[in-house]
Amino acid sequence: LDAMAARLPVVAPEMPIVSEVLGPAYPPYRRHSMSSFLELISAFARDERLRDRAVELGASRIATLFHPQLQRDRLIAAYRALDSRASSSS
């Protein structure tokens, strides 16, 4: 998330949690594949359009799903929901 917020491309493996965070359109590398890892790094280094697209996808995910204010508001809502459940059961 920090790299995305800093508008840097993220090099991450194919994993459900990674896809959830980065989004389905973000290019991952094959897990446990050094050659795939190196290919993605090389692609980001040589392809400005790919790099810019990755940066924009990351920035969009931060703005719509992971912005600190959104995270704060969701966390407060979760704590309030837990507090109301605890209060109603006592």
In terms of hydrophobic clusters joined by side-chain contacts under 4.5 Å, are [X] and [Y] together?
{"X": "Leu75", "Y": "Leu1", "answer": "no"}
{"X": "Ile76", "Y": "Phe66", "answer": "no"}
{"X": "Val55", "Y": "Ile41", "answer": "no"}
{"X": "Leu70", "Y": "Leu57", "answer": "no"}
{"X": "Leu8", "Y": "Leu22", "answer": "no"}

### Query
Can you check whether Pro13 reaches His32 side chain to side chain, under 4.5 Å on heavy atoms?
no
### Query
Is there side-chain contact between Leu50 and Pro27, with at least one heavy-atom pair below 4.5 Å?
yes
#### Entry: Residue list, ring pair (Phe, Tyr, Trp, His ring centres under 6.0 Å) with Tyr26, at least two apart or on another chain
none
### Rounded distance (nearest 0.5 Å) linking atom CD of Glu39 with atom CZ of Phe44
13.0 Å
### Task
Would you give the length of the straight line joining atom CZ of Arg72 to atom NE2 of His67, rounded to the nearest 0.5 angstrom?
12.0 Å
Grab the two heavy atoms, one from [X] and one from [Y], that are nearest each other, plus how far apart they are.
{"X": "Met4", "Y": "Gly58", "answer": "CE-O, 3.5 Å"}
{"X": "Leu65", "Y": "Gln71", "answer": "O-NE2, 3.4 Å"}
{"X": "Arg51", "Y": "Pro9", "answer": "CG-CG, 3.8 Å"}
{"X": "Leu40", "Y": "Pro28", "answer": "CD2-C, 3.8 Å"}

### Task
Determine whether more than 12 heavy atoms belonging to other residues, nucleotides or ligands lie under 6.0 Å from atom CD of Glu48.
no
Taking the side chain from [X] and the backbone from [Y], do they hold a donor-acceptor pair closer than 3.5 Å?
{"X": "Ser84", "Y": "Ala81", "value": "yes"}
{"X": "Arg31", "Y": "Glu14", "value": "no"}
{"X": "Arg61", "Y": "Val21", "value": "yes"}
{"X": "Ser87", "Y": "Asp83", "value": "yes"}

